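Quick caveat, the model's predicted, so the values are computed rather than measured. Residues: numbered from 1 along the sequence shown.
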Amino acid sequence: MDLLPDLWRHEYWLPPGITWRDMEQMQECPRPRDLLFALPLALGFIVLRLLFDRVVAPPLGRCVGLRNRLRMAVAPSTKLESFYTQQNRQPSQSDIISLMAQCDKTQRQIETWFRHRRNQDRPSYTKRFCEACWRFFFYLIAFLAGLATLINKSWFWDQRECWTGYPQQPIERAHFWYYQLELGFYLSLLLCVSVDVKRKDFKEQVIHHIATIFLLGFSYCSNYVRIGTLVMLLHDSSDFLLESAKMFNYGTGWRKTCDTLFVIFAAVFLVTRLVVFPSKIIHTTLVLSMEVFEPFAGYYFFNILLMVLQALHVFWAVLILRMANKFLFLGKLDKDERSDEESELEEEEDDKGEGEEKDEEGECCWERSKDALNSKLKMLSKSFVLKNLTNHRAAIVSKMRKAR
């Protein structure tokens, strides 16, 4: 606070008539400096995740029959590799023509090389499974722990109790750790976002992580802890279902289990994010809180962040409804609507390319067989002609000898 006094003015963070000195006089009061503890927690989560990916996830992957797609090796080519890494992963037609002249390769060979090269950079099913498995365990533990600490609290059943005595509400030790662990986890996700699997909603995921971090940090400093714990519990209630469905989706022979988990997840998500969140959480912070204090800067900031989360909920709900529509009409889930479009197209191209390569190999084998057959026929015909000429010559010599 001493470093940025203008930022920490009590008018921004606390209701009118309340100062930081009033908050410090209360025992078990949340203090902004407590948030610094989330930084080492985030680093600890990253280290723990690395260990989890190497020790826990592989045996679980074997249990669900995890199998990676076979990836074709690419022939080493300095010029093609340089173009791939420095210019474009998907060359245009003019680029292909230029590369044909530089590398002395056909168009099909260059297209196949780039397709296989992109395939090598795509995240494997093992990496996707490890990521889903790690998130599943955290969200499940966080949900169960949060539910255990909140189910006997008055504000869990009556949201008006969130504002009783606000902002001078003591924070319990269990809720302190609930906040710290959730904040540390989302900080670790933001730090690892560049190496995690990138999907179509990559930008939305980054916005979600940032909004969640700001929401947790601000709600803790302004002692919106009671409503903050409800927001975290509401989100964790559906997140672990999504990650469990993804885990079984990457396995083999778990299609019905995956479909069942997705249906349960879709129902829980749509109810909690599109019904409970706006009708209970946003209504509580936007309307019911005004019965206790007058609006201040933090009130608007906190509600704006909740609106951002609600907009993301609507975006993801549309994707989920698309998948549900396919499930109802096709009877199964073909793919994750959040998956990377480029990755899906490349998988289809790989399947098509592999079929074309097999056809080409078959044609090449037939050509070689035909050439060998023609060569043998030529040899046979030559030997037959030579034999006939030899016999004819022998007959003529025999007749000449008789004539003499």
Side-chain angles (χ1 to χ4, degrees), residues 7 11-16 18 30 32 35 38 139 142-143 146-147 149-150 153-164 166-167 169 171 175 178-187 189-190 201 203-239 242 268-320:
L7 176 63
E11 293 89 349
Y12 299 154
W13 300 83
L14 301 172
I18 304 296
L35 297 178
Y139 290 138
F143 172 72
L147 184 63
T149 60
L150 290 173
K153 302 301 178 184
S154 58
W155 67 85
F156 180 80
W157 305 102
D158 183 8
Q159 283 70 52
R160 290 180 184 273
E161 292 295 322
C162 291
W163 312 111
T164 301
Y166 178 82
Q169 299 169 332
I171 180 174
H175 298 155
Y178 191 24
Y179 251 83
Q180 295 292 344
L181 291 173
E182 289 274 357
L183 183 58
F185 181 75
Y186 278 102
L187 279 173
L189 292 183
L190 188 62
D201 63 346
K203 293 181 180 178
E204 288 79 10
Q205 282 284 359
V206 174
I207 294 173
H208 175 269
H209 295 340
I210 295 175
T212 302
I213 291 170
F214 274 103
L215 191 65
L216 291 173
F218 177 82
S219 63
Y220 186 84
C221 295
S222 297
N223 205 8
Y224 275 63
V225 172
R226 292 186 177 182
I227 196 67
T229 54
L230 296 180
V231 172
M232 292 187 293
L233 183 68
L234 193 70
H235 283 73
D236 293 337
S237 64
S238 60
D239 286 342
L242 172 63
V268 173
F269 183 94
L270 295 176
V271 171
T272 56
R273 307 293 180 91
L274 299 186
V275 179
V276 178
F277 188 79
S279 64
K280 296 294 183 179
I281 304 299
I282 295 181
H283 177 73
T284 299
T285 59
L286 199 62
V287 179
L288 297 183
S289 62
M290 292 294 93
E291 299 176 359
V292 179
F293 57 84
E294 297 179 359
F296 62 104
Y299 163 84
Y300 296 108
F301 181 70
F302 187 76
N303 282 284
I304 288 173
L305 291 177
L306 293 180
M307 294 296 182
V308 171
L309 288 182
Q310 184 59 31
L312 294 173
H313 296 164
V314 174
F315 171 79
W316 284 318
V318 172
L319 299 182
I320 292 171

**Message:** So, using salt bridge (charged side-chain N to carboxylate O under 4.0 Å, His left out) as the criterion, who are the partners of Glu161 when residues are at least two apart?
**Reply:** none
**Request:** Kindly compute the distance separating NZ (Lys280) from CG (Leu288), expressed to the nearest 0.5 Å.
**Result:** 9.5 Å
**Message:** Below 30° counts as parallel, above 60° as perpendicular, anything between as tilted: where do the rings of Phe301 and Phe218 land?
**Reply:** perpendicular
**Message:** For a side-chain contact (heavy atoms from CB on, under 4.5 Å) check, start with the C-alpha distance between Arg160 and Thr284, then their side-chain angles and the critical distance, and finish with the verdict.
**Reply:** CA-CA 7 Å; Arg160 290 180 184 273; Thr284 299; over 6 Å; no
**Request:** Could you walk me through whether Phe143 and Asp239 pass the side-chain contact (heavy atoms from CB on, under 4.5 Å) test, one step at a time?
**Result:** CA-CA 9 Å; Phe143 172 72; Asp239 286 342; over 6 Å; no
**Message:** Glu294: which residues meet the side-chain hydrogen bond (donor to acceptor under 3.5 Å, both in side chains) condition with it, sequence neighbours left out?
**Reply:** none
**Those residues that, when tested against Glu11, pass side-chain hydrogen bond (donor to acceptor under 3.5 Å, both in side chains) (two or more places apart)** = none
**Request:** Give the ring-plane orientation class for His313 versus His235, where under 30° counts as parallel, over 60° as perpendicular and anything between as tilted.
**Result:** tilted
**Message:** According to side-chain hydrogen bond (donor to acceptor under 3.5 Å, both in side chains), who are the partners of His208, at least two apart in sequence or on a separate chain?
**Reply:** none
**Residue list, salt bridge (charged side-chain N to carboxylate O under 4.0 Å, His left out) with Lys153, at least two apart or on another chain** = Glu172
**Item:** Partners passing salt bridge (charged side-chain N to carboxylate O under 4.0 Å, His left out) against Asp236 (at least two apart in sequence or in another chain)
**Value:** none
**Item:** All ring pair (Phe, Tyr, Trp, His ring centres under 6.0 Å) counterparts of His175, not counting sequence neighbours
**Value:** Trp155
**Criterion side-chain contact (heavy atoms from CB on, under 4.5 Å) on Ile213 and Leu183, from CA distance to verdict** = CA-CA 6 Å; Ile213 291 170; Leu183 183 58; 3.9 Å; yes
**Message:** Taking side chain to side chain contact (heavy atoms under 4.5 Å, CB included) as the criterion, tell me which of Leu215, Ile282, Ile281 meets it with Leu309.
**Reply:** Leu215
**Message:** With heavy-atom distances below 4.5 Å as the criterion, would you say the side chains of Thr164 and Ser154 are in contact?
**Reply:** no
**Prompt:** For residues 204-221, which residue pairs qualify under salt bridge (Lys or Arg N to Asp or Glu O under 4.0 Å), counting only residues two or more places apart or in two chains?
**Reply:** none
**Prompt:** Is the closest side-chain heavy-atom distance between Val275 and Leu270 below 4.5 Å?
**Reply:** no
**Complete:** Taken in chain and number order and not counting sequence neighbours, the residues that satisfy ring pair (Phe, Tyr, Trp, His ring centres under 6.0 Å) with Phe296 are Phe293
**Prompt:** Got a sec, which residues hit side-chain hydrogen bond (donor to acceptor under 3.5 Å, both in side chains) with Asn303, two or more places apart in sequence or on another chain?
**Reply:** Thr285
**Fill in**
Residues pairing under side chain to side chain donor-acceptor pair (under 3.5 Å) where one sits in residues 212-233, two or more places apart or in two chains, turn out to be Asp34-Tyr220, Tyr179-Ser219
**Message:** Phe156: which residues meet the ring pair (Phe, Tyr, Trp, His ring centres under 6.0 Å) condition with it, sequence neighbours left out?
**Reply:** none
